[in-house]
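Single-structure report; data block below.
Lettering follows sequence order; numbering is per chain, from 1.
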Protein chains: 2
Amino acid sequence: MSQRTNDPEGTRRQVVNAAFELFTRKGYEGTPMHAVRDLAGVSSGALAHHFPTKRDLGLAVIRGPVAEAIAGTWIEPVARASSASAGVRSVFEATIADIVRTGTVAGCPLGNLAAELSTRNDALRFELNAIFDRWREAIAAKLQAQQPPDAAGNKDAGALANLIVACFSGAILMAKASQSAVPLQACWTHLQNILEARTQKGDG
Amino acid sequence: MSQRTNDPEGTRRQVVNAAFELFTRKGYEGTPMHAVRDLAGVSSGALAHHFPTKRDLGLAVIRGPVAEAIAGTWIEPVARASSASAGVRSVFEATIADIVRTGTVAGCPLGNLAAELSTRNDALRFELNAIFDRWREAIAAKLQAQQPPDAAGNKDAGALANLIVACFSGAILMAKASQSAVPLQACWTHLQNILEARTQKGDG
DNA sequence: GACATAACAGGTCAATCATCCTGTAATCAA
DNA sequence: TTGATTACAGGATGATTGACCTGTTATGTC
């Protein structure tokens, strides 16, 4: 028997990262456990030790890399941007650039898993919904921050944030179906008008 | 051996309808062939005769009930409506009412399958994308019809139609994750402003 | 009425998959 | 040191699944 690694945190991270990549590309049901094991380069015993069931692994992937993906590509860029409009623009442009560069659209990790797992398991659905919530809330907070506290637009910042997340999620889905960035570009074209009109109204 | 039905069109339709319901509720990978067979109430032989592979059945479901679902819930209502805005409103309101009535969100048949199958099989992806195309085109045509032929807004009717489809698809996905109609309501709240602003601009 | 073919009926089968099991080595607490 | 527990290694297993296969009966054609 070959020497074992004995690095629980490392092994666990390898497995979760491999599962994240496969779940995102092939889906949850489309990914057998042995594919995760092989990509992670661990033994069946190690995999079973850290994740007794596939659902445990799914939960860990959602709480880890999926949440981080939304935080890294959406929540942090929007928080750092000069305005909500500029933040949303940067995310759309980065996503479009990535599609043009790679030539393929794997889809949004959160959206892919939400579509597949929401009606299958309540525990997983709850975690996925929590990420959607944080995503919407981050955009809504940025929208409110750039307006005077008593502006009329504040009360629908939540609805607008919802619209932005829905637009992006839906556009990514269409981009995936067409394997092109066109739906994302078309969506941003119109979304830009909406956001800039609102910014000018807030400044006036 | 029991008497066979000998009704090829009927048998085929039973199978396709059963598969449509299961694919929509449980997903493509989440639906075994024997579940389709049992729900349709046909024999394994009949199923294999009409659909030698699962992919054949998937293709038939997409070309049939999935395409009809978009045509029946979106394309026809929008075409019949007094305006694009009124048409889109009626679809959102009907969808929200249905969610409130049933208490659950199974998701959009097209969106569910597009999320799961787009990166898995090009033939299926192509068919799904064709339905998205017809959906966008139907809304774009309605948007253009209510404006003077030389209006400035015409050139981005396609982009706005894209936005509407993306919003709806994304909102349905969030509704599925939250198992509530709230994301759809929030989306329509904002979309309504956009569409009505455009209508008044076109009328003036 | 002979023949070919389509439309089943019902069961089989090989492959895949998630889970579990047995054995072993590293770690750690006492 | 010793005993317990954690962290693996490598394979086994039972269930599931998509596809297929053999027989049988309608249906249409000449």
Side-chain angles (χ1 to χ4, degrees), chain A residues 1-62 64 113 116-117 120-121 123-124, chain B residues 1-62 64 113 116-117 120-121 123-124:
Chain A
M1 192 180 295
S2 67
Q3 203 71 359
R4 82 167 197 236
T5 57
N6 219 76
D7 173 22
E9 290 86 1
T11 298
R12 193 189 153 90
R13 191 174 53 247
Q14 291 275 68
V15 170
V16 170
N17 288 345
F20 172 66
E21 186 179 329
L22 291 169
F23 287 174
T24 299
R25 285 210 333 252
K26 307 268 193 181
Y28 179 84
E29 294 287 338
T31 301
M33 290 295 271
H34 68 81
V36 175
R37 184 199 58 190
D38 293 347
L39 182 61
V42 302
S43 66
S44 300
L47 179 56
H49 174 71
H50 288 282
F51 304 100
T53 70
K54 193 177 184 181
R55 196 172 132 279
D56 293 327
L57 179 55
L59 208 56
V61 167
I62 292 167
L113 289 177
E116 192 177 357
L117 300 175
R120 175 165 290 268
N121 184 284
L124 299 179
Chain B
M1 192 182 294
S2 68
Q3 203 72 359
R4 82 166 197 239
T5 56
N6 219 78
D7 173 23
E9 289 86 1
T11 299
R12 192 189 154 90
R13 190 174 54 247
Q14 291 274 69
V15 170
V16 170
N17 288 345
F20 172 66
E21 186 180 328
L22 291 169
F23 287 173
T24 300
R25 287 211 331 253
K26 307 268 192 179
Y28 179 84
E29 293 289 337
T31 301
M33 290 295 271
H34 69 79
V36 175
R37 183 198 60 190
D38 293 347
L39 183 61
V42 302
S43 66
S44 299
L47 180 56
H49 174 72
H50 288 282
F51 304 100
T53 72
K54 193 178 184 181
R55 199 172 127 278
D56 292 328
L57 179 55
L59 207 57
V61 168
I62 293 167
L113 290 177
E116 191 177 358
L117 300 175
R120 175 166 288 270
N121 184 285
L124 299 179

Distances for protein N or O near nucleotides 18-21 of chain D N or O, under 3.5 Å:
{"residue": "D/dG18", "atom": "OP1", "partner": "B/Lys54", "partner atom": "NZ", "Å": "2.9"}
{"residue": "D/dG18", "atom": "OP2", "partner": "B/Met33", "partner atom": "N", "Å": "2.6"}
{"residue": "D/dA19", "atom": "OP2", "partner": "B/Lys54", "partner atom": "N", "Å": "2.8"}

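Atom CG of A/Asp56 is separated from atom P of C/dC20 by 10 Å (rounded to the nearest Å). Between the P atom of D/dT17 and the CG atom of B/Asp38 lies a distance of 11 Å, rounded to the nearest Å. To the nearest angstrom, P of D/dT25 lies 17 Å from NE2 of B/His49. Rounded to an integer number of Å, the gap from CZ of A/Arg37 to P of C/dC20 is 16 Å.
Picking from C/dG10, C/dA7, D/dA9 the nucleotide with the shortest atom distance to the side chain of B/Ser43 gives C/dG10.
Sorted pairs that involve residues 8-18 of chain A and meet salt bridge (charged side-chain N to carboxylate O under 4.0 Å, His left out), not counting sequence neighbours, are lacking altogether. Under the ring-ring contact (aromatic ring centres under 6.0 Å, His included) criterion, no residue pair touches residues 35-54 of chain A, with sequence neighbours excluded.
With sequence neighbours left out, A/Asp7 forms a side-chain hydrogen bond (donor to acceptor under 3.5 Å, both in side chains) with no residue at all.
The minimum heavy-atom distance between B/Gly58 and B/Leu124, with the atom names listed, is C-CD2, 4.0 Å.
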I'd like a table of donor-acceptor pairs (distance under 3.5 Å, sequence neighbours excluded) in which one partner is a side-chain atom from residues 25-41 of chain B, with atom names and distances.
{"residue": "B/Arg25", "atom": "NH1", "partner": "B/Glu21", "partner atom": "OE2", "Å": "2.8"}
{"residue": "B/Tyr28", "atom": "OH", "partner": "B/Lys54", "partner atom": "O", "Å": "3.4"}
{"residue": "B/Tyr28", "atom": "OH", "partner": "B/Arg55", "partner atom": "N", "Å": "3.4"}
{"residue": "B/Glu29", "atom": "OE2", "partner": "B/Arg120", "partner atom": "NH1", "Å": "3.3"}
{"residue": "B/Thr31", "atom": "OG1", "partner": "B/Leu22", "partner atom": "O", "Å": "3.2"}
{"residue": "B/Thr31", "atom": "OG1", "partner": "B/Gly27", "partner atom": "O", "Å": "2.6"}
{"residue": "B/Arg37", "atom": "NH1", "partner": "B/Ser44", "partner atom": "OG", "Å": "2.8"}

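Scanning residues 7-22 of chain B for heavy-atom distances under 4.0 Å to DNA chain C yields B/Asp7, B/Pro8, B/Thr11.
A/Thr24 OG1 to A/Leu113 CG: the interatomic distance, rounded to the nearest 0.5 Å, is 6.0 Å.
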